[in-house]
S.K.: 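Okay, here's the structure, questions in a sec.
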Number of protein chains: 2
Amino acid sequence: MPSRQIPSEQEPPRPLPPTAWAVLGLLSFPGERTGYELKKWADASLRFFYWSPAISQIYAELRRLETLGYATSRRSGPEEPRTKRRYAITEAGRAALAAWADSTQDVGPPVLKHPLVLRIWLGHLAAPERLRALVEEHLARTEAELRQVRAALARAEDHAEWAHPRIALRWSELRELAELELARAMLADLDRLAPPRGAIPVSHDGWPGPG
Amino acid sequence: MPSRQIPSEQEPPRPLPPTAWAVLGLLSFPGERTGYELKKWADASLRFFYWSPAISQIYAELRRLETLGYATSRRSGPEEPRTKRRYAITEAGRAALAAWADSTQDVGPPVLKHPLVLRIWLGHLAAPERLRALVEEHLARTEAELRQVRAALARAEDHAEWAHPRIALRWSELRELAELELARAMLADLDRLAPPRGAIPVSHDGWPGPG
DNA sequence: GTGTACATGTAATCCGTTACATGATTCC
DNA sequence: GGAATCATGTAACGGATTACATGTACAC
């Protein structure tokens with residue numbers, strides 16, 4: 001039976017995964033960068049609203065982008081103490097990225113994988129105190145993330161080129177704040193279900209509503 | 001050179017991926033279910049705080065869980081119009097799931113992949129009107145999701161066994177509401193950057209703050 | 001009788017991670 | 001001199017998706 005791979009025919013170019021565009025996006029801002037720098041940058045900002053690829057994948061994407069002609073690289077010579085490979089976006093790359101950015105490709109619903117809520121969802125299998133502790137941990141981690149977002153926001157220069165990244169970071173800041181509120185509301189729900197030791201259960205009218 | 005796979009030695013059992021636990025979790029609630037039903041249920045509730053695996057993967061996970069002795073299946077016979085395979089959790093499965101639920105395994109930070117914010121982040125490459133339209137679409141989609149969460153919440157019976165799933169859904173409801181607020185705030189930020197046609201730009205003192 | 005939902009699977013393939021390997025530079 | 005960071009990769013592998021295949025039941 002003929003498989004889907006027909007070697008004699010030209011394969012239509014498969015669309016690039018969002019990760020490739022994200023990496024190319026990192027390159028679209030002023031300056032040349034190494035894969036290593038890109039990873040640090042992704043860790044410090046991209047990950048708050050998208051996600052930070054593994055370093056090995058960043059290198060792989062950079063190689064792919066170069067193969068496609070969307071990026072060029074040059075090995076730094078003796079002018080720098082360390083030999084490294086710096087990448088820059090090409091005109092073709094900028095055009096392709098702009099076309100993607102202006103398309104509706106890959107603009108799906110946000111994907112959320114929230115391990116904590118998964119645990120709560122299975123809360124009937126765990127000790128109430130354990131659940132509470134997990135939420136507390138999550139609160140602490142979220143507060144730490146909020147500080148990191150604010151640090152990134154403080155670093156973001158107040159120039160026109162960085163206006164959109166700042167909006168994304170601003171969104172992330174509000175998102176972390178919302179995450180804190182959500183966790184606190186969940187904690188209250190858990191307390192209502194199984195009041196913590198020493199607490200006096202109060203009467204209530206079902207769910208607490210925002211009114 | 002010897003690879004990491006040494007056939008002569010017993011491999012320590014690799015830990016199951018979160019997806020396996022999620023599927024086992026679906027089985028941990030009262031009732032026997034088919035893979036098909038599990039998929040529908042995941043689409044209707046799990047996906048709002050975790051994610052809904054592809055149907056083919058659900059079947060694969062069910063087979064794995066059965067291999068591990070965490071689930072049993074039986075083919076329905078002539079008593080049902082359609083032959084299907086119904087799965088149920090075993091005692092071993094319940095014990096393993098409870099151990100996982102009570103552990104701190106896989107309780108990492110929430111993973112968020114927000115394609116819309118990625119687009120905004122690259123907003124310098126797109127037309128302002130396009131960005132606005134994307135946010136509007138997102139608002140509409142989020143409102144639809146909110147309705148779905150509320151429908152799931154309405155379906156969730158008011159019994160003790162379902163208390164924790166209800167908390168997770170309640171969290172999801174608040175999350176969708178927060179998502180709406182976040183999108184509206186982002187829209188305002190975009191307007192400030194490039195006022196829509198016909199709008200009169202007003203003076204402002206930087207970012208709008210929650211106070 | 002035709003389309004939709006029900007129901008279960010296989011195959012191919014890619015995405016992405018972790019582990020491993022290697023070496024230079026900088027800081028203490 | 002030793003640790004941490006900088007810097008770039010390769011290899012193996014699992015996770016997950018999409019496309020494909022197949023057939024039943026039911027509603028209109």
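As the structure is a computational prediction, the values presented were derived from the model and not from experiment. Sequence lines set the chain letters: A, B, ... in the order given, protein chains first and strands last, and positions in each chain run from 1.
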S.K.: May I have the distance from B:R47 (atom CZ) to D:dT17 (atom P), rounded to whole angstrom?
M.R.: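 Going from CZ in B:R47 over to P in D:dT17 covers 14 Å.
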S.K.: Below 4.0 angstrom from OP1 or OP2 of C:dC15, is there any side-chain N or O of A:Q57?
M.R.: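 Indeed not, no polar side-chain atom of A:Q57 lies that close.
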S.K.: Please state whether the phosphate of C:dG9, meaning OP1 or OP2, lies under 4.0 angstrom from any side-chain nitrogen or oxygen of B:Y59.
M.R.: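 False: B:Y59 side-chain N/O out of range (4.0 Å or more) of C:dG9 OP1/OP2.
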S.K.: Please list, chain by chain and in numerical order, all residues satisfying salt bridge (Lys or Arg N to Asp or Glu O under 4.0 Å) with B:E179, sequence neighbours excluded.
M.R.: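 By the salt bridge (Lys or Arg N to Asp or Glu O under 4.0 Å) rule, B:E179 matches B:R175.
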S.K.: Pick base, sugar-phosphate or nothing for B:K40, based on heavy-atom distances below 4.0 Å to the nucleic acid.
M.R.: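 Since only primed, P, OP1 and OP2 atoms lie under 4.0 Å of B:K40, the category is sugar-phosphate.
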S.K.: Whole Å only: how far is the NZ atom of A:K39 from the C1' atom of D:dT5?
M.R.: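 Rounded to whole Å, this separation is 15 Å.
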S.K.: Given C:dA7, is OP1 or OP2 found less than 4.0 Å from the side-chain N or O atoms of B:T83?
M.R.: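 B:T83 to C:dA7 OP1/OP2: no side-chain N or O under 4.0 Å.
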S.K.: Between C:dC15, C:dT8, D:dG14, spot the one nearest the side chain of B:T34, thanks.
M.R.: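 My answer, after comparing the listed nucleotides, is C:dT8.
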S.K.: Can you check whether A:K113 has a side-chain N or O nearer than 4.0 Å to OP1 or OP2 of D:dA16?
M.R.: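 It does, given that an N or O in the side chain of A:K113 lies less than 4.0 Å from OP1 or OP2 of D:dA16.
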S.K.: Looking at B:R166 and A:D189, is there a salt bridge between them, counting it only when a charged N and a carboxylate O are closer than 4.0 Å?
M.R.: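 No salt bridge links A:D189 with B:R166.
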S.K.: Rounded to the Å, how far apart are A:K84 NZ and C:dT26 C1'?
M.R.: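 From A:K84 NZ to C:dT26 C1': 12 Å.
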S.K.: Would you find more than 12 non-hydrogen atoms of other residues, nucleotides or ligands less than 6.0 Å from A:E181 atom CD?
M.R.: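 No, not enclosed.
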S.K.: Do any side-chain nitrogens or oxygens of B:W51 fall under 4.0 Å of OP1 or OP2 in D:dG15?
M.R.: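 No.
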S.K.: Tell me, please, which residues at least two apart from B:E66 pass side-chain hydrogen bond (donor to acceptor under 3.5 Å, both in side chains).
M.R.: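 side-chain hydrogen bond (donor to acceptor under 3.5 Å, both in side chains) list for B:E66, sorted by chain: B:S73.
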S.K.: Output the rounded distance in Å from CH2 (A:W21) to C1' (C:dC15).
M.R.: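 For the pair A:W21 CH2 and C:dC15 C1', the rounded distance is 17 Å.
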S.K.: In this structure, how many angstroms lie between the P atom of C:dA7 and the CH2 atom of B:W41, rounded?
M.R.: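 Atom-to-atom, B:W41 to C:dA7, this comes out as 16 Å.
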S.K.: Measure distances between side-chain N and O atoms of B:S56 and base N and O atoms of D:dT18, and say whether any donor-acceptor pair falls under 3.5 Å.
M.R.: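 Side chain to base: pair present.
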S.K.: Ignoring backbone atoms, test whether B:R63 places a side-chain nitrogen or oxygen under 4.0 Å from the OP1 or OP2 oxygen of C:dT10.
M.R.: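 Answer is yes, contact under 4.0 Å.
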S.K.: Measure OH/A:Y36 against C1'/C:dA24 and give the value in whole Å, please.
M.R.: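 These atoms are roughly 12 Å apart.
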S.K.: Measure from NZ or CZ of B:R119 to the centre of the six-membered ring of A:W21, then state whether that distance is under 6.0 Å and the direction lies within 45° of the axis.
M.R.: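 Not satisfied by the 6.0 Å and 45° rule.
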S.K.: Just checking B:R64: base, sugar-phosphate only, or nothing, at a heavy-atom cut-off of under 4.0 Å?
M.R.: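 Here B:R64 touches the backbone only, sparing every base.
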S.K.: For A:I55 and for A:P15, locate the closest nucleotide of DNA chain C by heavy-atom distance; then report the residue assigned to the nucleotide nearer the 5' terminus.
M.R.: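 On the 5' side of the pair lies A:P15.
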S.K.: Calculate the interatomic distance between A:R14 atom CZ and C:dA12 atom P; express it in whole Å.
M.R.: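 Roughly 15 Å, once rounded to whole Å.
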